Amino acid sequence: MNAEAKPPQPPARAPDVAEVATAMRGFVSDFGPTAALALESCVHCGRCAEACQFYVQTGEAKYTPIHKIEPFKQAYEREVSPFAFAYRWFGLAPKVTGPELQSWQEMVYDSCNMCGRCSLICPMGIDIADLVEQARHGMFEAGLAPADYLGALAEKEHLTGSPFGLTITKFQDMLHAIGIEHGVVMHVDEARADIVPTVSSIDLKTYPASMAAIAKILNHMGASWTFRTDGFDADNVSLTAGDRQGQRTTTMGIVNAAIACGATTLLMPECGHSFTEMRWEAANEMGHALPFSVLQITEFLAEAITDGRIRVNKAQQKATYHDACQVSRRGGATAAPRVILKALGVDLHELEDAGDANWCCGGGGGVALINRAAPLRAKAFEIKQRQVEATGMETVFTSCSGCRQTLEHGGKATQWSTTVASLLELVADNLAS
Ligand code: SF4
Ligand code: SF4
């Protein structure tokens with residue numbers, strides 16, 4: 001998931017009429033009563049624009065949230081609205097063309113990290129981030145997801161269950177090697193276990209110590225737990241690419257793996273989108289409530305620290321904390337990391353807009369996986385950089401490896417001396433005996 005890595009490059013191609021028709025069907029099929037109501041209730045107050053980092057940092061009107069759902073709106077007015085016939089008859093909503101759809105890639109993918117900040121601020125309760133996600137479905141169905149890293153990774157995830165095509169054997173080898181390197185016992189494919197931790201592709205590729213940290217903590221607690229090789233990579237790149245089928249396949253692979261060993265808790269890693277997918281969408285995919293609880297790792301740690309299952313030493317340091325949008329604002333785990341930091345005795349210097357109003361790192365929603373979006377990503381990162389510097393802290397903790405990587409890349413490009421660190425690993429390094 002390293003946006004600076006040399007990406008696979010599928011051949012570029014222009015959309016044709018059939019693709020446009022498919023895209024239109026995709027858009028229109030996503031229109032439920034809620035979406036239609038949302039579009040009709042916009043009062044054009046402009047508040048969402050001021051909430052969006054891409055508009056705030058560039059000043060370009062095309063990056064306002066409401067503009068990003070233009071494909072959606074056109075499809076609605078022309079194909080579904082009560083006045084669709086009139087729109088078509090008088091040409092009020094022009095037919096969407098192939099080149100137009102292709103240009104909308106920038107609006108729907110490159111300049112939206114699905115952070116939901118606009119959704120939070122909208123006085124009419126319009127969830128633009130969700131509308132963008134639905135617009136991506138139509139784009140993906142038309143073959144118009146960005147073909148470079150994001151699209152290619154989603155395709156591989158769909159085929160193999162892992163965006164990097166990590167096979168079960170390779171995952172087993174990796175866990176074995178991590179266990180030896182960190183001196184920690186790895187539980188793998190146990191027939192029965194209470195807790196099933198999952199991992200993110202970014203951890204697998206860049207931060208393998210996080211898997212050792214999970215194992216160390218669960219062993220320390222004496223928990224019944226196991227990694228499952230039949231469902232381990234929770235990243236769900238398909239979700240951000242707009243591939244609904246791939247999204248479902250990835251999710252159900254993990255759900256079925258947890259069910260197979262009778263898990264009561266599914267632990268989501270330091271990863272944003274994997275958490276919201278499992279917390280809010282998995283039950284819909286399954287058709288009924290999940291037979292286990294879904295906890296983001298910070299929620300699990302905060303609960304375990306609070307009820308005494310984990311005891312920690314004081315870390316003796318001061319730092320700031322970056323909230324991942326999907327963990328806090330969209331996921332609801334805003335208090336948990338602060339409970340952990342407090343227990344560790346970290347002198348926390350909060351960022352301006354910390355918590356639910358936090359700004360995205362700049363790379364969420366798959367933006368980190370679109371190479372041509374690098375300049376936009378860098379602009380978005382500037383907000384975070386300014387806010388961290390204003391705290392005077394030299395360390396910023398986070399609970400999302402995607403954010404961690406984006407902040408590290410942004411810092412590297414600007415010779416930033418700030419250290420970006422994992423909250424999970426901080427806990428593992430400070431377990432009390
Ligand atoms: S904040 Fe809501 S009502 Fe205001 S312009 Fe944006 S979408 Fe429309
Ligand atoms: S979800 Fe975030 S990035 Fe996307 S339009 Fe809204 S504020 Fe902007």
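As the structure lists them, so they are numbered: ligands from 1, and atoms in each ligand from 1. Note that the numbering runs from 1 along the sequence shown for the chain. What you are looking at is a predicted structure, and each value in this text was computed from that prediction instead of being measured.
The contact set between ligand 1 and H44, taken as ligand atoms under 4.0 Å from a residue heavy atom, comprises 5 (S), 8 (Fe). Using a 4.0 Å cut-off to heavy atoms of G116, the atoms of ligand 2 that qualify are 1 (S), 2 (Fe). Annotation for ligand 2: atoms under 4.0 Å from non-hydrogen atoms of F54 are 3 (S). Which parts of ligand 1 touch I66 is read off a 4.0 Å heavy-atom cut-off, strictly below it: atoms 7 (S). Short contacts between ligand 1 and P123, defined as distances under 4.0 Å to a heavy atom of the residue, involve ligand atoms 1 (S). Within the listing of ligand 2, atoms 1 (S) sit less than 4.0 angstrom from a heavy atom of A129. Counting the atoms of ligand 2 from 1 in the order shown, those under 4.0 Å from a heavy atom of P65 are 5 (S). Taking a cut-off of under 4.0 Å to the non-hydrogen atoms of G46, the atoms of ligand 1 that pass are 4 (Fe), 5 (S). Of all atoms in ligand 1, listed by their number and element, those nearer than 4.0 Å to a heavy atom of I128 are 7 (S).
Salt bridge status for D323 with R329: absent, with no side-chain N to carboxylate O gap under 4.0 Å. Remark: E352 does not engage R386 in a salt bridge, criterion side-chain N to carboxylate O under 4.0 Å. Between E106 and R372 no salt bridge is recorded (no basic side-chain N to carboxylate O distance below 4.0 Å). Of the charged side-chain nitrogens involved, none lies within less than 4.0 Å of a carboxylate oxygen, so that D110 and K68 do not count as a salt-bridged pair.
For the pair R244 and F140, the cation does not sit on the ring face, since its NZ or CZ is not both under 6.0 Å from the ring centre and inside 45° of the axis. Annotation: cation-pi geometry satisfied between R309 and F300 (NZ/CZ under 6.0 angstrom from ring centroid, within 45° of ring axis).
Of the N and O atoms on the side chains of D130 and Q134, at least one donor lies less than 3.5 Å from an acceptor on the other residue. A side-chain N or O of D353 and one of Q387 form a donor-acceptor pair less than 3.5 Å apart. Between D194 and W225, the side chains place no donor N or O within less than 3.5 Å of an acceptor N or O (distance only, hydrogens not considered). Judged purely by distance below 3.5 Å, without hydrogens or angles, the side chains of E277 and T251 pair a donor atom with an acceptor atom.
Within the 4.0 Å heavy-atom criterion, the part of K68 lying near ligand 2 is the side chain and not the backbone. Using a 4.0 Å cut-off between heavy atoms, Y55 makes no contact with ligand 2 at all. Residue contacts with ligand 1 for M124 involve side-chain atoms from C-beta outward but no N, CA, C or O (heavy atoms, distance under 4.0 Å). Contacts with ligand 1 closer than 4.0 Å are made by no heavy atom of I121, backbone or side chain.
For atom 3 (S) of ligand 1, the nearest non-hydrogen atom of the protein is V43 N, 3.5 Å. From the protein, the heavy atom lying nearest to atom 2 (Fe) of ligand 2 is C115 SG, 2.3 Å. Scanning the protein for heavy atoms near atom 4 (Fe) of ligand 2, the closest one is C112 SG, 2.4 Å. Atom 6 (Fe) of ligand 1 has C48 SG, 2.4 Å as its closest protein atom, hydrogens excluded (heavy atom only). Atom 8 (Fe) of ligand 1 has C42 SG, 2.4 Å as its closest protein atom, hydrogens excluded (heavy atom only).
Backbone or side-chain N, O or S atoms of C118 reach atom 6 (Fe) of ligand 2 at under 2.8 Å.
Using a non-hydrogen distance threshold of 4.0 Å, V132 does not register as a contact of ligand 2.
Between atom CZ of residue F397 and atom CD1 of residue I340 there is a gap of 11.5 Å, rounded to the nearest 0.5 Å.
Ring-centre distance between F381 and W416: below the 6.0 Å cut-off.
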